[in-house]
Amino acid sequence: MFGWEYPPYAAGGLATATLALANGLVRRGHAVTMVVPFPAAAGEGGVRVVSASDVSANLRVLRVASPLSPYAASSLPPAPWGRRTRPTAYRDTLFEDVSDFAVAARRIAAEHPHDIIHVHDWMTYAAGHEAREVSGRPLVAHIHATEHDRSGAWTHPGILARERDGLRDADRVIANSHVTKRHIVDEYGVAADNVDVVHWGIEPPDDGDLHLPSPFGAGVPIVAFVGRLAMQKGPDYFIEAAAKVVARHPTVCFVVGGAGDMLPMLFDRCIALGIAHRVYFTGGLTRVETERLYRIASVVVMPSVSEPFGLVALESLRAGTPVIISRTSGVAEAIANLVTVEFWDVNDIADKILAVVNDPVLARELRERTNEEMHDLRLGPDEPARLTVESYELATTGP
Amino acid sequence: MDACFYFQLHQPRRVRRYQVFDIGSGAEYFDAAKNADTLRRVAERCYLPATRLLTELARTDGARVAMSISGVLVEQMERATPDTLKSLQALVAGGGAELLSETSHHSLASLRNADEFADQVRLHRHMMKRVFGVVPRVFRNTELIVSDGLTPVVKALGFDAMLVEGADTVLGWRSPNHVYASRSAPSLRLLPRNYRLSDDVAFRFSARDWSEWPLTADKYASWIAANPGDVVNVFMDYETLGEHQHEGSGILDFLRALPGALRRAGVRMVTPSELATRKPVGLLSYPGPMSWADTERDVSAWLGNGLQHAAHERLYSLRDVVLGTGDLELIGTWRALSTSDHFYYMSTKWHADGDVHTYFSPYATPYEAYISYMNVLRDMEQRVAGLKTRLKTEGRRPETKAPARSSRKPKAAKAKAAKAMAAKRKK
């Protein structure tokens, strides 16, 4: 398995999903070798982690970003590979790293016996291709987010081409939602019969004390946003809706959990709207801090403009907190008990926030129904692994 | 063997997406455009072609069916599709359809408020008299909801028989193909639905993976003829004919061929009022409320979760004050909010039956349906409070009598007057 993001070097949902899937496969009795493009920490839960940087000294960068939304501001641990020898443009290094990774993949494929090659998102597709050249094993390309999801209208032509070619080249494709499947079938001409949809599962929360007394005192409802402060996640719509809610509710507070390049703009907007005293920005949050935020919130709002899946929704529901999410997000396919909105319709978002905050019957009903759903096997941590193995079988035998 | 075909005609006045910001703004509660569009679409695909066909079959083959048409639908047809209403009037006048009674607003009043239930039954009766010139003798409650507590009430309202679900749990070893009576009201005949033969048409007709597909009229008639008992009761939504089962499925051709096929198989078409004169073979008891919906056949489709209960309770908590205003328009609006569909949209049953719920719902999720509905009720509460204050400051007392009868009288009187005028003009 070739991954680009993997804990502890994680910038978003990709790492969480890759880890959950690898662990799930190991629990089902499969041996997983995880190849990552940075110095490897010890593998967790029986997953063997092999670092490509041991093989290729040139490999340094691991995080993907598009020109207009670099994930740069996120709160990552200081990266040990961060020494840049050549001060070239960010983009150029990224493509170089991708091809270095692919070169390393040839050697790793020869040294580590395997039955299937599984690659995650476009950065690893070339590596998968090279590995298959060496071992002749079937190649499964997993797509968690498309370039369109990451960059909206400002997509990078080079990335689009690699994403398209990689998906068309694979023996089998796994998309993490029907939304994503539809996109790659329509935009890249990937054969629909060749694509399996596997929704993300969810692991139990990390250890640690997840309970936190509300910083605003008892009885004050908290509405939370969790995610990167980037255009694709719609934090600006969250702020606009907040202003409408504040005008109709005497105490409700808003917490924006996450970091990103939109932070200054959001800050200014809160001041302009006169709601700076009711909106709190936390900056980047650790896993435990995020779990605590889910638990003190009355409702979590995810007004993503483009969301191939939306792990935040699953995490919030696991913590017992209802979510209001964008209708087009992938997770809306997997969960029934959601309050859905159009991301741009701030009146609608505000109306629904007020309904959940003011109506105990609605809040209780949402909690109870989603709790039932979260106990459903469909969303368990082992289900993605089970479906992935089915996909492997199809890749091996052909449909 | 006899067969009794009954069709339910109903379209709710769907509540539009009503936000908290709309409260107090005087904005409409109902989505008039969408409701009219839906009605026109259903009329074009089902009501008009099916009604014309039944009228023709009544003339050529002596086909006779039973129908109940909700008051909310009649009101909407009067405004949006008067030609559809005319075609139904022609069918009834030609003897092709016997009309049954129900609540005017297709409500769940029988489960909550006996006074409101009686009011709505009377309203519907007046409407049938005004629009079709008939007074129904047989009752069918919203979605065939029935209980031992309800049957004496229905009897007291003057009905001879009532349509009920032929649920296995109630019938036990007994066949649904007979006329029964109610244990709690033995003079009220109960006509149980044969759900297998009903669902063969309503749900399975166009299912290509069904071993009996395609279902021909002759095959279906032979099944009815081969069933043990006296009468097979086939009850379903009228919208089955061309809407739920679309025209391309051949459903209207099936209907066209049915009277002939039944005759050849030795099956006679009968209506509920004919069955109401027969001697019952036994008594049926419905300890808890039962309906024809979902696999549970209970009322959980409408009052199954906390949202539905909260919304229904809040609606009925407004009844006395709304009726007390004497404001006929407000009362009509309140009653239109009592229609069962509003609560059906709030259902969170997601399993096999949930698909059916989603098919019928105009909302993205049940939570959205609930949020809009509760916002509407809050607006109505404020309106009522405003009316009361106004009346007080004007020194008048709000009317206290229940305006069920009186609310219709002016309209009925008006219609009578209009008729008289028309007759005069003809002379």
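So that the names make sense, note that chain A is the first sequence line, chain B the second, and so on, each numbered from 1. The basis for the numbers below is simple: all heavy atoms, side chains too, and nothing from hydrogens, waters or symmetry mates.
Contacts of L362(A) with chain B are made by both backbone and side-chain atoms, with heavy-atom separations under 4.5 Å. No part of D22(B) comes within reach of chain A, as not one of its non-hydrogen atoms sits under 4.5 angstrom from that chain. Looking at F21(B), both its backbone and its side chain come within 4.5 Å of chain A, counting heavy atoms on both sides.
Remark: R383(B) engages Y29(B), L330(B), D379(B) in a side-chain contact (heavy atoms from CB on, under 4.5 Å) (not counting sequence neighbours).
Among pairs with a residue in residues 236-245 of chain A, those fulfilling salt bridge (Lys or Arg N to Asp or Glu O under 4.0 Å) read E240(A)-R269(A), at least two apart in sequence or across chains.
When the shell of 6.0 Å around CZ of R248(A) is examined, it contains more than 12 heavy atoms from other residues, nucleotides or ligands.
Between the CG atom of N305(B) and the CD atom of E368(A) there is a distance of 10.0 Å, given to the nearest 0.5 Å. To the nearest 0.5 Å, atom CD of residue E365(A) and atom OH of residue Y370(B) are 8.5 Å apart. The distance from atom CG of L366(A) to atom CG of L307(B), rounded to the nearest 0.5 Å, is 7.0 Å. The CZ atom of R327(A) sits 7.5 Å away from atom OG1 of T365(B), with the distance rounded to the nearest 0.5 Å. Rounded to the nearest 0.5 Å, atoms CZ (R17(B)) and CG (D348(A)) are 4.5 Å apart.
Taking all atoms of both residues into account, the shortest heavy-atom contact from G306(B) to V361(A) is O-CG1, 3.6 Å.
When N358(A), N347(A), T340(A), V356(A) are compared by the number of non-hydrogen pairs under 4.5 Å with chain B, N347(A) comes out ahead.
Using a 4.5 Å heavy-atom cutoff, the side chains of E368(B) and V339(A) are not in contact.
No hydrogens or angles considered: nothing links the side chains of D351(A) and Y18(B) as a donor-acceptor pair under 3.5 Å.
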